[in-house]
Structure formats: C-alpha cells, structure tokens
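Order of listing sets the numbers, starting from 1, for every ligand and every atom in it. All heavy atoms count here, side chains included; hydrogens, waters and symmetry mates do not. If you read the sequence from its start, that first residue is 1, and numbering goes on from there.
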Amino acid sequence: MTINKTDFGQNFIWGTAQASYQTEGAWNIDGKSPSSWDTFSQKKGKIERNENGNTATDFYHRYEEDLNFLKSMNFKHFRFSLSWPRILPNGTGEINPKGVQFYHKVIDKCLELGLTPWVTIYHWDHPQTLENKGGWTNRKMVDWFSEYTEFVSKEYGSKVKNWMILNEPLTFTIMGYMLGEMAPGKKGINNFRKAVHHANLCQAKGGRIVRKNVTNANIGTTQFTSYIEAHTTKDTKAAERMDALINRLFIEPSLGMGYPESKLFFLKSMKKVMLPGDIEKMKFDFDFIGLQYYFRTVIKKSAFMPYVWAKEVPPIKRGAIANQMNGEVYPEGFYQLMKRFSDYPSIKKVIITENGSCFTDILKDGKVTDNERIEYFKSHLNQVIRAKNEGMKVDGYFVWSLTDNFEWDKGFRPRFGLVYVDYKNNLNRHIKDSGIWFKNLLK
Ligand code: BGC
C-alpha cells in the first residue's frame, strides 16, 4: 500500500492539530486565570493517576522547538487553540496583554517558518469564573463567547485567515455536562440539553462574528464523528438513535435543519430550552466543516441506557483491533463519514481536522518504532484518496497530534504524537518513525 503526496492533488492541506489545555502548561503564570479544566483536573480522582495539565508538554515555553519539528516533517499547516482564560482572565472585560502576546508569538513563528496558522477559538477550556456562573448551561454563554470571539478575531485576524469556532461540541457537552467524566464534571439531562443548545448557538454566532471581523476568512467548526453500526438487525433503530446523537446533533442545526428529533425522540424536549428564532440563529454558512474521526462504534439496544436506549458493544468483545483507548481501528468508517458529510448539499468543503491514534510507544536509544501508527495513517489516508477519487470535497488532513500530550481524563498514558514527549526526562522530544514517515511522504 504505497501512498504518494500526488494522490491528494496539489492544493491539499497537510497539517497537525493540538489544543491549548493539552499542551501549553503554564496554567497559572503571566496573568492566566484557571480554566474549567484546571479546576477539574486538580480535583482528586478525576483523571487517571491524578495527573493534570499544569505543565502538560510546556508548549508555552517550547513552541519554537515544536514548530521546528512540524516544519522539519514538511507539514505546511498548524492547528492550535486559544486558551480563553489566558486572554480574558475574567471571561469578559479586562484583557491580559501577556496572554494575547503569547499567541502573537506563536502565530509569528508560524509565519516566519512558512506555516499557515489555523486557530480553534474554543477547545474546551473556558474560564472557571464563567463556569461558576453555570458555564455552558447558562444562556449568557452566548454573550460571553461573543465578546471573546470579537476580541480574538479582531486581534489576530490580519495574520490568521483560517478559523474554527468550536472543537467537538458533542464531546464537551456529553462528557462534561451529561456524564460528568470531563470538565466541569456536571451530570444529567437538564444540564446536557442546555449545554447542547447554547453550544449550537455559539457555533453559529461565532461564525458570524469572524465573518464580520476578518477579511478573506476561511471559517469552519469541527465535529466529532464515529461510524455507527448495528450489532445485529434487531439493533438498527438503536444504532439510528445513537447516530443522531453522535453524528448529527451539531452539524444539522448549523445547516439550518434543526435537531434530528425524528430519530432521537428525546430531542423533542430541546424545545424546553429554545427561544423563538433559535433555529435560524443556529444556522451559519461555514466555508468548511472539520471532520474528526477516530473509530467505529457498534451498537445494540439497551433498556438501561435512558434517552438513547442503546449501548456500545466494545471492540474487545467483538475481537476487533483497538487502540490504547479501546477505539476500534476501522478505516472504512472514515470513508463512510467523509461520504456522508460530502453528501450534505450545503457543506461546501470537508477538512479532516483530526485523525490519528494512540498506541503504546517505547522510546529506545532516542527512537520510537511505531509501526502500528504508520499502518493506521496509511489505511486512513487510503480512504481519503478513495474519497477524493470519487469526487468528494475533502480538501485537507490534520494529524492528531504534533506531539504526545495530555489526553484529558486519561492523563498522559495515551500517546497520539508524531513526536514523542519524554515525561520522565525533562519533556525531551524525539521524532517517532511515524513522524519520519510523514516527512518522506510530504517532501
Ligand atoms: C479531541 C482531542 C483529543 C482527541 C483524541 C478529540 O476528541 O478533539 O482533544 O485529544 O480526540 O482522543
């Protein structure tokens, strides 16, 4: 299975992606206030081995080194997110000049190296001061988020043209406000309903704000996806319900289609938190949709899982190959999702804003032989070629991630990087074989 850069066409976008909380560290210096993730991860028992992102990979101090790695691997694009509490420590109001300056330095370094910056406005770390007022469950979030977006788009808009409004609203609403497994650790359907709706409103409003402030902007928002399949024919309806929850809850409102309530009955109750005119307000004409794909999910019906009445049959029970986080390696599902997104008539372009996998990497003599990851990339990139050959509008691919980093509730154990971070030894970086593989592919 040989893959050539030319198979993707001349203008194909190649980059890597990462997020502020997972990499920056520097959680309490230079005027930054705590984020929802600082508070959550510093509580005992929330994160595996009680790890936290206080230092993470110290991107805050090592961004030049990391960007040099990116450049050396022949990538041309860099996706990263802004930490809201670094820029606006109170959530709104007073600006923190040192925080603002940090992102100028990152952006300037990108430009100096010939790398195009792609900015995600929100990748899950909002100021704790706003979480104290309810965070995503408070409809005021739309105003707070608008103020933040107004500021960053004006501040960086002359240098940054590629913007993503939210990263995976599904993940932070379901994990953070329904199941309580991620920050801020809230639970229950009432919190979830509100968080979902306010995230949908912010997703579109953020798009309108960037459009107004940035000339020639390329505006997207990113979505978690998983290829959902029924375990047996008896589970088809359950799989459809899960699919509506996982793959349609944020994309369809943004396309003006409202909530997918015909497949997932409980979404009828979204009306409880909606105001007149909201369907229209959730709509925005994005230039691209960021598709993020990691694994397939096989579903069977379940009387014990309220609202969706469905549960996962994990890969291990099916004898399927899985990664360090029990995500099934299933490239065909990636193709199916590219097809599905391309089939929405109002999606103009699809960009793969995240794809990658975590395996047990071993550092030996400064080298990491991560063949499983190379195979993962080959098999998934082959699906991108297949999609492009069939005329699908897939214009770019961002690897998750440039370096290993803090994997949320799982801590540092899962490693997704093309560059290994030696957590035991001064956070030293070592390029993995997969990084060298990309370097050769992209030269
Ligand atoms: C998130 C990343 C995360 C990655 C791997 C995505 O859901 O956007 O922040 O690290 O998946 O789990």
| So which residues, sorted by chain and number, lie with a heavy atom under 4.0 Å of ligand 1? | Gln22, His123, Trp124, Asn167, Glu168, Gln292, Tyr294, Met325, Glu354, Trp400, Glu407, Trp408, Phe416
| request: Decide, yes or no, whether a salt bridge links Asp404 with Lys432 under the criterion of side-chain N to carboxylate O below 4.0 Å. | output: yes
| Option among Thr16, Thr120, Thr116 that satisfies the side-chain hydrogen bond (donor to acceptor under 3.5 Å, both in side chains) test with Arg79 | Thr120
Can you give the donor-acceptor pairs under 3.5 Å from side chains of residues 197-206 to other protein atoms, not counting sequence neighbours?
from: His197; atom 1: ND1; to: Tyr259; atom 2: OH; distance (Å): 2.8
from: His197; atom 1: NE2; to: Asp278; atom 2: OD2; distance (Å): 2.7
from: His198; atom 1: ND1; to: Trp136; atom 2: O; distance (Å): 2.8
from: His198; atom 1: ND1; to: Lys194; atom 2: O; distance (Å): 3.1
from: Asn200; atom 1: ND2; to: Leu249; atom 2: O; distance (Å): 3.3
from: Asn200; atom 1: ND2; to: Tyr259; atom 2: OH; distance (Å): 3.2
from: Gln203; atom 1: OE1; to: Thr221; atom 2: OG1; distance (Å): 3.4
from: Gln203; atom 1: OE1; to: Gln223; atom 2: NE2; distance (Å): 3.0
from: Gln203; atom 1: NE2; to: Phe250; atom 2: O; distance (Å): 3.1
from: Lys205; atom 1: NZ; to: Ser146; atom 2: OG; distance (Å): 3.1

| task | Decide, yes or no, whether a salt bridge links Lys348 with Asp287 under the criterion of side-chain N to carboxylate O below 4.0 Å. | result | yes
| Residues Glu328 and Arg318 bridged, charged N to O under 4.0 Å | yes
| message | Salt bridge check, Arg86 against Asp125: does any charged N sit closer than 4.0 Å to a carboxylate O? | response | no
